[in-house]
Amino acid sequence: MERPQPPRRIRLSTNPAPEALAELKLGDVVYLDGVIYTGREGVYKMALEDGADLPLDLPAESAANFHCSPAAMQREDGTFNLGAVTATASFRFTKWIGKWFAKSGAKLILGKGGMSSADYRAHFVPNGAIYLTTVGYGTGALLGRGVKKVRALHWRKELGLAQAMWVIEVENFGPFIVESDLEGNSLFERENAKTAANIAKAYEGTRPAVLKRFGETDDRSDELI
Amino acid sequence: MIPLDLIQRTAEVLMEKAAIEIPQDYLDGLKATAAVEDGDLSSFVLQAMLENYEAAKEDRRAMCGDTGCPRWYVKMGNEARLEGGPVGLEAALRRATANATNNIPLRPNRVHPLWRTDHDNNVGINAPEIEYAFEPDSDWIELTTVHKGGLFGTDYRMLFPSDGIEGIKRFYLDSLVAFGKRGLACQPAIIGIGLGGSKDTCMVLGKRAACLRTVGDRNPDPKIAALEEELKELGNSIGMGAMGFVGKSMVVDCHIEVGYCHTGGMQMSVHAFCLSSRRAVARLYANGRVEYRTDPEWFTQYQRRETVEWNAHSHQEESA
């Protein structure tokens, strides 16, 4: 068997220049330096639906939004114990992402599993942003090693520890894989297209269930037998 | 009498072991998978995971940032006596879950389904789950904690006898392909399959098949064991590897558990225990001795019994 080829490895700032993003290719492995912040459904709702003012200066402080809740705790003296960090699946946040770019000026969305190339073309490309996916999933301990310091914890009381906005200083923070480029192409969709050809072969000799489910027909007037 | 503070202290140790130390059987299984993976990206992902397990152990930090939903499986010997009884036991396990969430730390994942209230300690209404089983001729208690991720990779379907093995394979592949794309199931995984029972027991059996059996373990029914092997191969032949990249590492192992079901049905559930297959076990004795391990040894002959009466002696003869 041919030995698998390791991917290209790149260090990137969390406030990256457009030229640095233009050089990235799908499948490159990226390690980040700078400041990231977590933001997922709780933060998006607070900022975009309830109209709360952002508690930090974006994108000046950071242009990297991590879809993440860390395994972390705030001690009674206010200091933090942060162990592992891994992403949560990003496809669930599509409905907020366009407005979030407008409000935050983010250039990097970090998360699990990416979004669709339609989302990239509609929301990422016009904002000069790309998507980096975590690896595994998830390399929580390796990412935890890249954390230098928790700089701030916002909306702790309003959202709880898991949904609060963690602002984290990082160094050599990774690995991430480049999932989308500045043209809006998706690595996952490229890989899906490659695996699609073989899937029918795996299904040979199987049989559809005698009782169907909605979804296998989308006509609700259909019977399922 | 098994003392309550021993139960709580042991439970806290188990929470830490589960979150930080990948069980050896899964690690060996993943290394074997990585050795034959030839997809460039899929292979990179597996190497990163192997490094991650080492980092977690060296740093004593959780292996994954999503530390799952902690739950408890309790097996009590028929002769075991607990200080404080079952109510004391449940209080100790809830305290251990909350303390460990703060001390390790774990991610406080558990929230109210509607109001999203988070107690920041993984304890709440019906959480953590505590499930029980009993074992004859024993005076120990065994605690197993499993921290399984909760969002992707599991499905249930009512199949019928006429669906047959072909229908089982179809639903199995549907589950792997649906959740394998983009790696939502965090594969390669231990796939657990529940067949039969009622809808709820089918889910319970499949989850236990994924979480409470080790890589390499086989069902004692030789034909079910052969089906486990066949489904493992089938899953790895899809052409999809870690993160849904081109590859062949989807299933580290496949386990099937069955329960007698309605004569007209053939319930099926599929569960994926992920790249962070977190489980830890301890047996506690009345004299204070504690033995730690990673194999729950849950499915004993007694748990899988099918006769009206339990006669240990005749079962031993059968298996001899």
Side-chain angles (χ1 to χ4, degrees), chain A residues 1-7 27 29 42 68-73 81-89 91 112-114 133-145 159-163 175 177 187-188 191-192 194-199 201-203 205-211 213, chain B residues 36-41 43-45 48-49 51-53 55-56 59 61-67 102 104-109 111 116-118 120 151-152 157-160 162-164 166-167 169-171 173 177 181-184 186 234 237-240 242-246 274-276:
Chain A
M1 136 184 150
E2 273 184 51
R3 288 187 64 81
Q5 293 301 307
V29 170
C68 159
S69 307
M73 204 48 63
N81 178 11
L82 192 149
V85 273
T86 337
T88 197
F91 72 87
K112 172 182 175 181
T133 179
T134 50
V135 172
Y137 314 86
T139 55
L142 293 178
L143 287 165
R145 281 184 169 180
L159 298 173
L161 280 175
Q163 292 280 341
I177 296 177
L187 174 67
F188 285 121
E191 293 289 301
N192 284 346
K194 285 188 202 166
T195 53
N198 192 61
I199 287 178
K201 209 169 137 232
Y203 272 81
T206 71
R207 201 163 52 192
V210 295
L211 180 67
R213 303 200 284 203
Chain B
V36 296
E37 181 55 82
D38 51 11
D40 292 342
L41 285 165
S43 184
F44 168 77
V45 175
M49 289 308 302
E51 282 173 38
N52 187 65
Y53 301 137
D59 299 1
R61 66 171 90 224
M63 63 181 102
C64 183
D66 183 345
T67 53
N102 276 274
I104 296 171
L106 304 181
R107 186 204 277 184
N109 267 334
V111 301
R116 315 310 290 180
T117 315
D118 194 338
D120 288 341
L151 301 184
F152 310 108
R157 187 158 193 160
M158 175 63 92
L159 299 177
F160 299 92
S162 64
D163 283 312
E166 297 96 328
K169 286 183 181 170
R170 168 72 66 118
F171 183 54
L173 285 172
V177 171
K181 284 183 180 158
R182 295 175 185 248
L184 290 182
C186 299
L234 181 61
S237 74
I238 295 170
M240 207 183 274
M243 291 179 74
F245 296 142
V246 173
C274 63
L275 275 162
S276 299

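In this text the structure is predicted, and so the values were computed from the model without any measurement.
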Heavy-atom proximity to chain A below 4.5 Å, by part of [X]:
{"X": "Cys64(B)", "value": "both"}
{"X": "Leu184(B)", "value": "both"}
{"X": "Tyr53(B)", "value": "neither"}
{"X": "Met63(B)", "value": "backbone"}
{"X": "Val177(B)", "value": "side chain"}
{"X": "Ser162(B)", "value": "both"}
{"X": "Phe44(B)", "value": "side chain"}
{"X": "Leu159(B)", "value": "side chain"}
{"X": "Asn52(B)", "value": "both"}

Contacts of type salt bridge (charged side-chain N to carboxylate O under 4.0 Å, His left out), residue Arg157(B), not counting sequence neighbours: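 Only Glu216(A) meet the salt bridge (charged side-chain N to carboxylate O under 4.0 Å, His left out) criterion with Arg157(B).
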Spatial distance of atom NZ (Lys201(A)) from atom OG (Ser237(B)) [nearest 0.5 Å]: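 Answer for the NZ-OG pair, Lys201(A) versus Ser237(B), is 7.5 Å.
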OH on Tyr137(A) to CE on Met243(B), rounded to 0.5 Å: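 If I round to the nearest 0.5 Å, the distance is 3.5 Å.
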Side chain proximity check, Asp118(B) to Gln163(A), heavy atoms < 4.5 angstrom: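 Side-chain contact under 4.5 Å: no.
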Thr139(A) and Met49(B), any side-chain heavy atoms less than 4.5 Å apart: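 SC-SC contact between Met49(B) and Thr139(A) confirmed.
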Test log, rule side-chain contact (heavy atoms from CB on, under 4.5 Å), inputs Lys112(A) and Phe152(B): CA-CA 12 Å; Lys112(A) 172 182 175 181; Phe152(B) 310 108; 4.1 Å; yes
Residues that Asp40(B) engages under side chain to side chain contact (heavy atoms under 4.5 Å, CB included), provided they are two or more places apart: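 Scan of Asp40(B) (side chain to side chain contact (heavy atoms under 4.5 Å, CB included), adjacent residues dropped) gives Pro4(A), Gln5(A).
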Using a 4.5 angstrom heavy-atom cutoff, name the option from [options] with the most pairs to chain B.
{"options": "Leu159(A), Val29(A), Asn198(A)", "value": "Asn198(A)"}
{"options": "Pro175(A), Gly113(A), Gly160(A)", "value": "Gly113(A)"}
{"options": "Thr134(A), Thr88(A), Val135(A)", "value": "Val135(A)"}

Parallel, tilted or perpendicular, as decided by the 30° and 60° cut-offs, for the rings of Phe245(B) and Phe188(A):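 It falls in the parallel class, under 30°.
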Pick from Val45(B), Leu41(B), Leu173(B) with the largest number of heavy-atom pairs that fall under 4.5 Å of chain A: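 Sorted descending by pairs with chain A, the first entry is Leu173(B).
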side-chain contact (heavy atoms from CB on, under 4.5 Å) between Asp66(B) and Asn109(B), worked out: CA-CA 8 Å; Asp66(B) 183 345; Asn109(B) 267 334; 2.8 Å; yes
Chain B heavy atoms under 4.5 Å from [X]: which part of the residue, side chain, backbone, both or neither?
{"X": "Ala89(A)", "answer": "side chain"}
{"X": "Thr133(A)", "answer": "side chain"}
{"X": "Val85(A)", "answer": "backbone"}
{"X": "Pro7(A)", "answer": "side chain"}
{"X": "Leu187(A)", "answer": "side chain"}

